[in-house]
Amino acid sequence: MPEKITAAADGTLQVSDEPIIPFIEGDGTGVDIWPAAQLVMDAAAAKHGKKIAWKEVLAGQKAFDETGSWLPDETVETFKEYLIGIKGPLTTPVGGGIRSLNVALRQILDLYACVRPVRWFQGVPSPVRHPEKVDMVIFRENTEDIYAGLEVEEGTPEAAKLIRLLQDEMGWKIRPDSGVGIKPVSETGSKRLIRAATEYAVERKRKSVTLVHKGNIQKFTEGAFRNWGYELTREEFSDVAVGWDDCGGDPGSKILIKDAIADITLQQVLTRPDEFDVIATTNLNGDYLSDALAAQVGGIGIAPGGNINYVSGHSIFEATHGTAPKYAGQDKVNPGSVLLSGVMMFERLGWQAAADDIVRALEATIAEKIVTYDFARLMEGATEVKTSEFAKAIVERL
Ligand code: NAP
């Protein structure tokens with residue numbers, strides 16, 4: 001019988017063998033990639049005696065056409081009630097209303113950790129020589145930073161007021177023709193994100209957590225993020241993890257918590273990727289880093305993501321690419337991003353064996369050079385297949 005997923009007070013999930021999971025198909029290529037990903041997820045679940053009771057909810061263009069709202073209250077309420085959901089890409093409405101549906105969902109449900117695993121699959125075309133050395137998991141803070149949308153536009157009374165206040169109260173001289181944005185970074189927000197990254201590293205037996213920041217310049221926001229990370233390690237994880245300064249870089253059998261400046265990090269993830277494992281970082285840094293790393297392992301078509309609140313249990317897994325409107329309805333694009341987001345969802349449900357099966361079957365399919373257009377155009381001797389055929393090929397290899 002279909003059952004709701006529930007969370008205990010400590011965030012531990014109770015998941016039956018037939019959980020109800022809300023999904024948003026997504027706009028544009030959502031009609032192609034969603035059914036493909038669903039086919040594979042259903043087959044993998046069935047192999048392990050499980051079944052997902054899918055519950056469609058609306059957002060984006062489809063919601064707007066049917067209800068006049070880009071993000072109906074019912075959709076938000078359903079995600080609140082059923083805790084875990086998954087979504088395809090959504091059109092960002094241009095000119096008014098919601099800035100971004102994705103950002104709105106993250107903020108309403110307080111999904112504070114954006115988790116992006118980045119690894120290479122054998123055979124995937126990559127612009128670097130050793131993509132196999134890339135195996136990182138980025139934990140990006142999702143609710144704060146310059147990304148929180150606290151901005152005033154140049155020339156408005158609000159901007160003039162803020163500029164005057166900053167001049168009068170702080171003595172800060174800001175050009176009158178400026179737009180101004182605010183960058184809040186809190187101890188609460190930083191520590192809960194770094195806690196999630198460290199717990200992940202402990203559970204998955206990873207070697208290190210790197211705190212990526214721009215604290216050499218932005219001392220009281222980015223620098224504080226770094227300091228709170230080391231403080232948290234001493235306060236809560238001293239039995240399993242140790243900060244670089246507290247061990248001289250030699251953590252013994254513990255997880256090493258280290259830090260790196262964001263600009264250097266963008267160089268070093270290219271030149272020495274094997275020195276990075278779990279990464280915890282602020283919102284904007286995480287945005288840049290996730291896309292740069294996704295490119296190293298074959299790009300946007302297969303990069304998965306999850307937005308998670310580890311305390312309330314709320315999570316939404318999502319394709320990280322956009323709606324690619326020029327390909328919509330052509331049964332052409334790669335369903336890998338939403339499918340691997342489904343793998344992350346399975347792991348969160350505790351369905352590790354089914355998740356591993358999907359990854360193995362996907363690897364086997366790509367290794368046989370059965371791929372969608374995006375990989376086919378970069379591979380020699382590839383067999384280019386449609387989205388739906390790619391999904392069937394994966395199911396055959398489950
Ligand atoms: P996009 O939809 O991500 O597409 C950019 C390019 O990425 C495509 O032209 C295609 O490259 C490649 N691509 C995207 N999805 C792919 C897939 N499944 N398989 C293989 N290749 C794929 O970015 P956009 O055109 O800038 O944005 C379109 C809309 O999506 C906008 O409304 C934007 O706001 C929205 N958006 C939504 C999300 C989200 O919901 N998470 C994220 C980003 C953007 P080639 O042309 O080289 O084939």
Side-chain angles (χ1 to χ4, degrees), residues 23-38 40 57-65 70-71 75 79 85-107 109 111 114-116 121 124-127 140 142 147 149 283 286-288 290-292 294-295 297-307 315-342 344-345 362 365-366 370-379 382 384-391 394:
F23 72 96
I24 297 169
E25 176 185 75
D27 297 323
T29 51
V31 295
D32 306 301
I33 59 176
W34 175 257
Q38 196 182 340
V40 180
V57 289
L58 298 179
Q61 191 69 50
K62 198 167 170 182
F64 188 74
D65 294 345
W70 289 95
L71 184 59
T75 296
F79 279 128
I86 183 164
K87 59 176 277 296
L90 293 176
T91 306
T92 300
V94 180
I98 290 170
R99 281 159 52 95
S100 154
L101 294 167
N102 299 307
V103 174
L105 273 172
R106 289 172 201 169
Q107 286 180 350
L109 297 172
L111 305 174
C114 176
V115 184
R116 297 265 181 97
F121 290 93
V124 171
S126 155
R140 162 186 171 195
N142 232 353
Y147 229 90
N283 204 337
D287 191 31
Y288 298 151
S290 312
D291 274 18
V297 292
I300 195 139
I302 57 161
N307 298 290
S315 323
I316 298 183
F317 297 87
E318 65 177 358
T320 58
H321 54 70
T323 57
K326 66 182 176 186
Y327 296 127
Q330 293 179 22
D331 198 13
K332 181 178 173 83
V333 297
N334 195 332
S337 177
V338 72
L339 177 59
L340 288 170
S341 302
M344 290 178 73
M345 182 175 80
L362 176 70
T365 311
I366 297 171
I370 300 168
V371 290
T372 46
Y373 85 99
D374 50 324
F375 288 175
R377 68 187 168 188
L378 299 170
M379 281 164 110
E384 182 179 328
V385 292
K386 292 176 185 295
T387 314
S388 55
E389 292 166 345
F390 186 59
I394 298 170

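First listed ligand is number 1; within each ligand, the first listed atom is number 1. Positions are given from 1, in the same order as the sequence printed here.
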**Request:** Check the pair Phe390 / Leu362 against side chain to side chain contact (heavy atoms under 4.5 Å, CB included), numbers first and verdict last.
**Result:** CA-CA 9 Å; Phe390 186 59; Leu362 176 70; 3.7 Å; yes
**Prompt:** Under the 3.5 angstrom rule, does the side chain of Ser341 hit a backbone N or O of Pro304 as a donor-acceptor pair?
**Reply:**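 Side chain of Ser341 to backbone of Pro304, a donor-acceptor pair under 3.5 Å: no, none is there.
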**Thr387 side chain vs Ile33 backbone, donor-acceptor pair below 3.5 Å** =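 Pair absent, no side-chain N/O of Thr387 close to backbone of Ile33.
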**Request:** Run through ligand 1 for me and note each protein residue having a heavy atom under 4.0 Å from it, chain first, then residue number.
**Result:**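 Only Lys87, Pro89, Leu90, Thr91, Thr92, Asn102, Ile300, Gly301, Ala319, Thr320, His321, Gly322, Thr323, Ala324, Pro325, Lys326, Tyr327, Val333, Asn334, Tyr373, Asp374, Arg377 have heavy atoms that fall under 4.0 Å of ligand 1, ordered by chain and number.
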**Asked** Using 30° and 60° as the class limits, which term best fits the ring planes of Trp70 and Phe64: parallel, tilted or perpendicular?
**Response**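 Ring orientation, 0 to 90° scale: parallel.
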**Request:** Of all the heavy-atom pairs spanning Ala59 and Leu71, show the shortest one and how long it is.
**Result:**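 Smallest interatomic distance, heavy atoms only, reads CB-CD1, 4.0 Å.
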**Asked** Given the rule in the side chain to side chain donor-acceptor pair (under 3.5 Å) test, do Asp27 and Thr323 qualify, once you have shown the distances and angles that lead to the verdict?
**Response** CA-CA 6 Å; Asp27 297 323; Thr323 57; over 6 Å; no
